[in-house]
Amino acid sequence: MPAELDFSAPAHVLAPLLIGVTLLVDGVGGRIVETEAYDGTDPASHSFRGRTPRNAAMFGPAARAYVYRSYGVHWCLNLVCGQMGDGAAVLIRALAPTHGLEQMHARRSVQDERLLCAGPGRLTQALAIDGSFDHLPLLEPPFELLAPPGGAPAPALVTGPRIGITRAVDVPWRFGEAGSRYVSRPFPGDAAAGAALRRR
DNA sequence: AGACGGATTGCCT
DNA sequence: GGCAATCCGTCTA
């Protein structure tokens, strides 16, 4: 895993560092282009009201997965971080597909590569992540985290308010790779991404 | 014990 | 743009 990736860091510190890191499950996945931070002090977080069976992974050791069912339909993947009891985690919202495109297409019936992993529920489907992944260590198979190629410049970042929440709506804890065509939704003010969208 | 609603997506009009 | 699908923690009684 990338040496600079410190899962003991707070969620809002780790979340931007994850942009550009490659996330694989059984060799299938891509480059993380969109994340969101949550922690126990945050009214928008599942952990805000304390530990429950559903969110228990958020209160356990860092560098494990927190996988929950969204709207009774989709699975969403979080990377637990911070100190024990923080209730901190980073939601992975989108990947730029790079590994195992064929398998991802087989799991998701979309032709457009851009839609393979553009959204928290979509990427878990593409990587075949479900509830059985809850609590799994991130630094062991089937997970794999790969640093960007050595010497590669850090990706330019964009930030904004988080998606789909009703509380703490102004906290800018959504992070993305500037100009990426693979984010779940455009970032306000990301001119490069807007231009890329209009271009095609 | 029962109602409510969500860190979403995809299909319908 | 609207809305169904469908699970479960949380809130109210």
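Only a predicted model underlies this, so the values are computations on that prediction, with no experimental measurement involved. Residue numbers start from 1 in every chain, and the chains themselves are labelled A, B, ... in the order their sequence lines are given, proteins ahead of strands.
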Quick check on B/dT8: is either OP1 or OP2 less than 4.0 Å from any side-chain nitrogen or oxygen of A/R93?
yes
Nearest to the side chain of A/R108, heavy atoms from C-beta on, is which of B/dA7, B/dT8, B/dG10?
B/dG10
What is the distance, to the nearest angstrom, from the CG atom on A/L123 to the P atom on B/dG10?
12 Å
Which residues, if any, of residues 38-52 of chain A bring a heavy atom under 4.0 Å of DNA chain C?
A/R49, A/T52
Whole-Å distance separating the CZ atom of A/R174 from the C1' atom of B/dT8
14 Å
The nucleotide from B/dA7, C/dC7, B/dT8 with an atom nearest the side chain of A/Y68 is B/dA7
Measuring only between side-chain heavy atoms, which start at C-beta, is A/L146 closer than 4.5 Å to A/L24?
yes
Can you check salt bridge (Lys or Arg N to Asp or Glu O under 4.0 Å) on A/E177 and A/R31, steps first, answer last?
CA-CA 10 Å; A/E177 180 184 288; A/R31 187 177 73 254; 2.9 Å; yes
Between P of B/dG10 and CD of A/Q111, the distance in whole Å
13 Å
Could you tell me the Watson-Crick or G-U partner of C/dT12, where both distances fall under 3.5 Å? Say none if there is no partner.
B/dA1
Check: C/dA5 base within 3.5 Å donor-acceptor of A/Y71 side chain:
no
Expressed as a whole number of angstroms, how long is the span from A/H74:NE2 to B/dG10:P?
7 Å
Quick one: A/E34 CD to B/dA7 P, roughly how many Å, whole number?
15 Å
Check step by step if salt bridge (Lys or Arg N to Asp or Glu O under 4.0 Å) holds for A/D42 and A/R162.
CA-CA 12 Å; A/D42 167 16; A/R162 294 169 292 181; 2.5 Å; yes
Is A/L136 close to A/R64 at the side-chain level, that is, under 4.5 Å between some pair of heavy atoms?
no
B/dA7 pairs with, by Watson-Crick or G-U criteria that keep both distances under 3.5 Å
none
Result for 5'-nearest mapping on DNA chain B, choosing between A/I163 and A/S109, is A/I163
If we count only N and O atoms by modelled type, under 3.5 Å, do the side chains of A/H135 and A/Y66 hold a donor and an acceptor together?
no
Whole angstrom value for the distance that separates P of B/dG5 from CZ of A/R54
16 Å
Out of B/dT8, B/dG10, B/dA7, whichever nucleotide has its closest atom nearest the side chain of A/Q125
B/dG10
Hey, what do you get for CD1 (A/I129) to CG (A/D134), rounding to the nearest 0.5 Å?
11.5 Å
Send over the distance from A/W75 CH2 to C/dC8 P, rounded to a whole Å.
7 Å
Consider only side-chain N and O atoms of A/E34 and A/S180, and report whether a donor and an acceptor are under 3.5 Å apart.
no
Separation of atom CD in A/E36 from atom C1' in B/dG6, rounded to whole Å:
14 Å
Mind checking if A/N78 touches a base, just sugar-phosphate, or nothing, with heavy atoms under 4.0 Å?
base
Under 4.0 Å between a side-chain N or O of A/R122 and OP1 or OP2 of B/dG10?
yes
Counting only heavy atoms not in A/R108, do more than 12 fall under 6.0 Å of its CZ?
yes
